[in-house]
Amino acid sequence: MIDYTEKIPNNVDLGRDRGLQRALEHWQPAYMGWWYDMGPNESHNYEVYLRTAVSVEPDGWAQFDYVKMPEYRWGVFLQPRDEKREVNFGIHKGQPAWQEVPGEYRSTLRRVIVTQGDTEPASVEQQRLLGSSCPSMYDLRNIFQVNVEEGRHLWAMVYLLHRYFGRDGREEAEALLARRSGDADNPRILGAFNEPTPDWLAFYMFTFFTDRDGKFQLCALAESGFDPLSRTCRFMLTEEAHHMFVGETGVTRIIKRTCEVMKENKLEDPAQVRAMGVIDLQTIQRYLNFHYSVTLDLYGSDVSSNAANYFTNGLKGRFRETKLEDDHVLSEAEYPVYEVIGDKIVKKNVPALTALNERLRDDYIEEIADGVARWQRVIDEAGIPFKLMLPHKGFHRAIGNFAGHHIGINGEVLTAEAWKKREYEWLPSPADEKFVQSLMTGRVVEPGKFANWIAPPLRGINSKPLDFEYVRFN
Ligand SMILES: [Fe+2]
Ligand SMILES: [Fe+2]
């Protein structure tokens, strides 16, 4: 169970390590300062119907209640230790999992933890203004739930930095509160986390695509030979599932509403669809293209010696590493990556060890494709002849083998001029964004009411009705 009587709730026996406890209690006010500045705008007095973890067991989510977000009990929760756990891959395979940081991997592990940790506050910053244009009280509550949990994910990484990395770790923990999403001088570390999330369609796309990158990164880190990192990530994954749910169902509900309006009014022309105050499917496709391609970059270069080292040294595994049936060392195996040669995209086999970023990206794409197929079903059930598609892997990429090339949505290699001509056929134009934002100029917060551009969800939170008062504004 988690002890909530402590200043910092935790299940890591924090009270026994006075130095660590003091260090984290010192960081806590800085974190609160960050939350007041960069957390959801104007929300500090709201009482929000939030879930709080009461234990790290699978049924530990039973606790739902009204909470003012600055009073949310952020804390440190790790999955319980498995005494028999081993390093499951790489050159240390078969050794007992490490309970302390091996000296030779110290700076690498710190970098991995900081990079993961940096994404957590970044997404809160990206989403901080969205409350003022929410489509319902239900959705407002959901974005707040995502935000407080991203805050807790930051706590999770900061705990590791403080506990295992001494002074360097403390400095990194402070820097995590100093960077700002999109800031010209001190931006967040990864590209997608410096992009704005200016509207709710972008928010749902972000939680579907980019939080799912989070899931895959956490899954790979959950395999780590460094046991505290593994146990932390395992618990974070239980929270991540809700974020992806918010994204997938959000887009589903937008598509559903658009299809209803198209059907009722026998409309197909996007301009006419827009005139009815809903988002045309073509614009939804362009948002999908943007968020998908920007998120694919997060996996890094297709061929990467860093990725090979992380794996060989037992720091970061593959997706579902222990379920895979091979030698878990990858000294012989190969894996295909793609390269642009002239005006063609060519497949090339490389040592599997160096292609681990690409492999994780491919695992991710598979899961994304299933989600997009579920969105397609909504369109098909409405009998509307429109096909959503996933762009080619090389489309609109800024990192890896496709960077610097102009790849069309179907994988055609284009000149810069040809790309420029079609850019806004494929990506949201300023006019698209302006239109989407024109639907979201105010917030809809009457219990049970939903904005015209989105269908209500199938059910409420924690079996509450749709017209439940999920947020009290005071
Ligand atoms: Fe997170
Ligand atoms: Fe998340």
Side-chain angles (χ1 to χ4, degrees), residues 31 34-35 38-40 48 50-53 56 61 69 72-79 112-128 130-131 139-161 172-173 176-177 179 181 188-195 197 200 202-222 224 228-251 291-292 294-295 298-299 316 319 360 364 367-368 371 461:
Y31 171 81
W34 169 81
W35 179 269
M38 298 313 293
V48 188
L50 294 177
R51 69 176 187 182
T52 305
V56 293
W61 285 110
M69 283 187 285
Y72 189 78
R73 304 308 316 275
W74 285 289
V76 180
F77 314 125
L78 272 64
Q79 211 77 289
V112 167
I113 291 167
V114 166
T115 306
Q116 177 61 42
D118 192 67
T119 66
E120 314 290 356
S123 64
V124 176
E125 292 164 7
Q126 286 169 297
Q127 296 162 13
R128 68 182 295 265
L130 288 173
D139 289 282
L140 185 62
R141 178 262 167 215
N142 280 351
I143 195 172
F144 289 159
Q145 181 76 57
V146 170
N147 293 157
V148 293
E149 286 174 357
E150 301 303 6
R152 209 204 62 72
H153 290 177
L154 172 60
W155 270 91
M157 293 296 116
V158 163
Y159 164 72
L160 294 176
L161 289 170
E172 293 283 12
L176 283 168
L177 295 175
R179 285 184 287 272
S181 176
R188 292 294 172 186
I189 295 170
L190 300 170
F193 292 90
N194 288 305
E195 296 283 348
T197 308
W200 279 76
F203 168 67
Y204 296 128
M205 290 289 180
F206 184 96
T207 39
F208 178 80
F209 286 103
T210 311
D211 281 77
R212 192 179 313 273
D213 161 68
K215 168 189 164 174
F216 277 79
Q217 299 299 342
L218 291 176
C219 281
L221 295 176
S224 181
L229 176 60
S230 164
R231 292 162 55 207
T232 306
C233 291
R234 281 175 209 279
F235 184 67
M236 289 164 76
L237 278 164
T238 65
E239 293 167 315
E240 211 59 72
H242 172 71
H243 309 176
M244 291 179 293
F245 161 85
V246 169
E248 176 162 344
T249 55
V251 176
H291 286 271
Y292 177 63
V294 166
T295 306
L298 290 174
Y299 291 85
K316 184 177 175 185
F319 184 55
L360 194 59
Y364 165 83
E367 205 177 277
I368 285 290
I461 295 297

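None of these values were measured; they are calculated from a predicted model. Both counts, for ligands and for their atoms, begin at 1 and track the order of listing.
Counting only N and O atoms by type, the side chains of His243 and Glu149 include a donor and acceptor under 3.5 Å apart.
Taking 2.8 Å as the criterion, Asp211 counts as a coordinating residue of the Fe ion (ligand 2), since one of its N, O or S atoms falls below it. Within the coordination shell of the Fe ion (ligand 2), defined by N, O or S atoms under 2.8 Å, Glu150 is present. At least one N, O or S atom of His243, from either the backbone or the side chain, sits less than 2.8 Å from the Fe ion (ligand 2).
Minimum-distance N/O/S atom of Glu240 relative to the Fe ion (ligand 2): OE2.
Remark: at the Fe ion (ligand 1), atom ND1 from His153 and atom OE1 from Glu120 enclose 100°, rounded to the nearest 10 degrees.
For Trp200 and Tyr204, the ring centers are positioned less than 6.0 Å apart.
Scanning both residues, Ser123 and Glu150, for their nearest heavy atoms gives OG-CG, 3.5 Å.
Panel note: side chain Tyr364, backbone Phe209; a donor-acceptor pair is recorded below 3.5 Å.
At least one test fails for Arg212 against the ring of Phe216: distance under 6.0 Å to the centre or angle within 45° of the axis.
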